[in-house]
Student: 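Below are the C-alpha cells for one structure; questions will follow.
Position 1 is the first residue of the sequence, and the numbers go up from there. Values reported hereafter were calculated over all heavy atoms of this structure, with side chains retained and with hydrogens, waters and symmetry mates removed.
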Amino acid sequence: MTERRQPSLSTDTLPTREAAAIELLSQVCRELDSIVFATSLGAEDMVLTEIIRRERLPIRIFTLDTGRLPTETLELIEVVERHYGTRIERYAPHPDAIADYVSRYGLDGFYDSVPARQACCRVRKLEPLKRALAGQSAWVTGLRAEQSVTRAELPAREWDAANGLEKINPLADWSEHEVWAFIRHHRVPYNPLHDQGYPSIGCAPCTRAITVGEDVRAGRWWWENPETKECGLHRREFAPRQPSAHPAIERDRSAA
C-alpha cells in the first residue's frame, strides 16, 4: 500500500475559513430548529465535529453504519465519543432489505454494474438517511466543491428537494490543505486510514488507497467513471420511489 503524505500545514487562511464556517452554522441554528450533522468520520467531518462541539452548537450528530465500514472507521466513532463527550447516533440498514439485496445481486454484486452498486447504496445509505432526516429542518455535511466533478458547483447553503429540508455545506469552499491544516492545528482526531493513502473513505469493499497524483476520490468506486461516483446521498435530483416496505429493493425489481 502506498503511504500518502498529508498536505502542507499552512494556517494562513484558517482564521477566515473557520470564522465563516462558525458564522454560517450559528446563523442556521438561530433561524432553524432540529438541525442534524451527518458524519462519515472523514477528515472534513472531523473538522465540523470539532467546530460543533467546541462552539456548543445545538446540532445533533449521526452517522450511517452501513454494515460494511472499515474497522478503523468504527473504532474512530468510539474515539470521537470519548474525546468530545458526546454520542454519535447510528442509523443502520434494515436486515431484511440487506438479505433481499444479497439474494438478488450477491453480497458483492455492486462490482458488477453501476445499477447494482447504486442499489446497494440505496439500501445501506439512502434509506437510513431518510430515517435520520425525518422531521428535521436542516442537515449539515462536510462536502467540498473541489472533491469531484459532481460537486463543482456546490453552494454553502441550498434546498434539498429530495429530502425536503435545507442542506448546509460549511466547507464548500475549503481546500484539502485547509482541512488538514485545521486538523493539525487543533489536534483533531482522524481516521488512521488517511495516513495510509485513503483521502476519501467509504465502505471497505468500495474504497482503496490512491497513489501520488491521483484524484482524491479516485479510490472510491474505482471501477466506475468519475461521473457516476456518488452514492446518491448528495445528488441534486432523485428518481421517485415506488411505495413498498423496502422501496430501495422494490424499485429495482420493477425496473428489471
Side-chain angles (χ1 to χ4, degrees), residues 1-7 37-50 52-53 61-99 101-102 105-111 116-129 131-132 141-143 147 176 179-180 183-184 186-212 214-224 229-234:
M1 181 180 298
T2 302
E3 184 171 346
R4 180 175 178 271
R5 293 183 60 188
Q6 299 301 349
F37 166 44
T39 178
S40 66
L41 287 298
E44 291 82 5
D45 291 338
M46 294 312 305
V47 169
L48 290 173
T49 299
E50 168 71 17
I52 289 170
R53 295 302 299 166
I61 303 175
F62 74 89
T63 193
L64 304 178
D65 187 350
T66 66
R68 304 297 300 267
L69 296 179
T71 299
E72 292 85 351
T73 300
L74 295 172
E75 291 175 348
L76 182 58
I77 294 175
E78 298 180 2
V79 169
V80 170
E81 291 179 330
R82 291 194 302 269
H83 183 82
Y84 293 104
T86 191
R87 177 174 174 267
I88 297 178
E89 296 186 49
R90 306 187 195 193
Y91 287 82
H94 289 295
D96 47 348
I98 293 295
Y101 175 88
V102 172
Y105 296 103
L107 180 62
D108 294 336
F110 42 80
Y111 291 125
R117 194 271 298 166
Q118 291 173 339
C120 185
C121 290
R122 280 194 292 272
V123 169
R124 294 184 183 275
K125 293 184 177 183
L126 267 66
E127 191 282 327
L129 179 70
R131 281 186 273 127
T141 84
L143 296 180
Q147 285 174 321
E176 184 187 12
V179 168
W180 282 102
I183 288 174
R184 301 299 193 192
H186 292 288
R187 300 180 183 274
V188 176
Y190 65 89
N191 197 319
L193 287 175
H194 287 308
D195 293 329
Q196 300 173 36
Y198 292 78
S200 180
I201 304 169
C203 292
C206 298
T207 308
R208 66 161 174 81
I210 68 171
T211 58
V212 175
E214 282 191 293
D215 181 81
V216 294
R217 285 176 64 82
R220 301 293 298 278
W221 309 294
W222 65 91
W223 61 93
E224 295 183 16
K229 288 188 175 187
E230 287 289 357
C231 60
L233 296 179
H234 303 296

Student: Check whether any side-chain heavy atom of V188 sits under 4.5 Å from a side-chain heavy atom of V47, and report yes or no.
Tutor: no
Student: Answer yes or no: is there a side-chain heavy-atom contact under 4.5 Å between I201 and H194?
Tutor: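 A side-chain contact under 4.5 Å exists here.
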Student: Can you name the closest pair of heavy atoms from G142 and L48 and give their distance?
Tutor: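 So the two residues come closest at CA-CD1, 3.6 Å.
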Student: Between NE2 of H83 and CD of E50, what distance do you get to the nearest 0.5 Å?
Tutor: 6.0 Å
Student: A side-chain contact here means heavy atoms from C-beta on lying under 4.5 Å apart; do M46 and P189 qualify?
Tutor: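 Yes; the side chains approach each other to less than 4.5 Å.
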Student: Going from CD1 on I98 to SG on C120, what distance comes out if it is rounded to the nearest 0.5 angstrom?
Tutor: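 The distance works out to 6.5 Å.
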Student: May I ask you to decide if A92's main-chain N or O and R131's side chain share a donor-acceptor pair within less than 3.5 Å?
Tutor: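 Confirmed, R131 side chain pairs with A92 backbone.
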Student: Are F110 and R124 close enough that some pair of their side-chain heavy atoms sits under 4.5 Å apart?
Tutor: no
Student: Which atom names give the shortest non-hydrogen contact between C203 and T66, and what distance separates them?
Tutor: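 Closest pair (atom of C203, atom of T66, distance): SG-OG1, 3.1 Å.
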Student: To the nearest 0.5 Å, tell me how far C121 SG sits from L126 CG.
Tutor: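 Those atoms lie 7.5 Å apart.
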Student: With heavy-atom distances below 4.5 Å as the criterion, would you say the side chains of Y198 and E72 are in contact?
Tutor: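 They are not in contact (no side-chain heavy atoms under 4.5 Å apart), so the answer is no.
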Student: Closest approach of Y101 and A116, non-hydrogen atoms and distance?
Tutor: OH-O, 2.9 Å
Student: Taking the side chain as everything from C-beta on, heavy atoms only, tell me whether R208 gets closer than 4.5 Å to I210.
Tutor: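 When only atoms from C-beta onward are counted, I210 and R208 do touch, with a gap below 4.5 Å.
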Student: Look at the aromatic rings of Y91 and F62 and report parallel, tilted or perpendicular, splitting at 30° and 60°.
Tutor: perpendicular
Student: To the nearest 0.5 Å, tell me how far L64 CG sits from L69 CG.
Tutor: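 The CG atom of L69 is 8.5 Å from CG of L64, to the nearest 0.5 Å.
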Student: Measuring from R117:CZ to E224:CD, what's the distance to the nearest 0.5 Å?
Tutor: 4.0 Å
Student: Identify the two heavy atoms, one from G202 and one from P70, that lie closest to each other, and give their separation to 0.1 Å.
Tutor: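 Shortest heavy-atom separation between G202 and P70 comes out as O-CD, 3.2 Å.
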Student: Which heavy atom in A43 sits nearest to a heavy atom in W180, and how many Å separate them?
Tutor: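 Taking every non-hydrogen atom into account, CB-CZ2, 3.8 Å.
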Student: Looking only at heavy atoms, what is the nearest atom pair of I52 and F37, with distance?
Tutor: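 Between these two residues, the closest heavy atoms are CD1-CD2, 3.7 Å.
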Student: Please check this pair: side chain of T63 against backbone of D65, looking for a donor-acceptor N/O pair closer than 3.5 Å.
Tutor: no
Student: Look up atom CD1 in I61 and atom OG1 in T49, then write down how far apart they are to the nearest 0.5 Å.
Tutor: 4.5 Å
Student: Are the side chain of S200 and the backbone N or O of V216 linked by a donor-acceptor pair below 3.5 Å?
Tutor: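 Judged by distance alone, no pair lies under 3.5 Å.
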Student: Does any non-hydrogen side-chain atom of D195 lie less than 4.5 Å from one of Y190?
Tutor: yes
Student: Less than 3.5 Å apart, which donor and acceptor atoms pair up between the side chains of residues 75-82 and the rest of the protein, not counting sequence neighbours?
Tutor:
| from | atom 1 | to | atom 2 | distance (Å) |
| --- | --- | --- | --- | --- |
| E81 | OE2 | I88 | N | 3.0 |

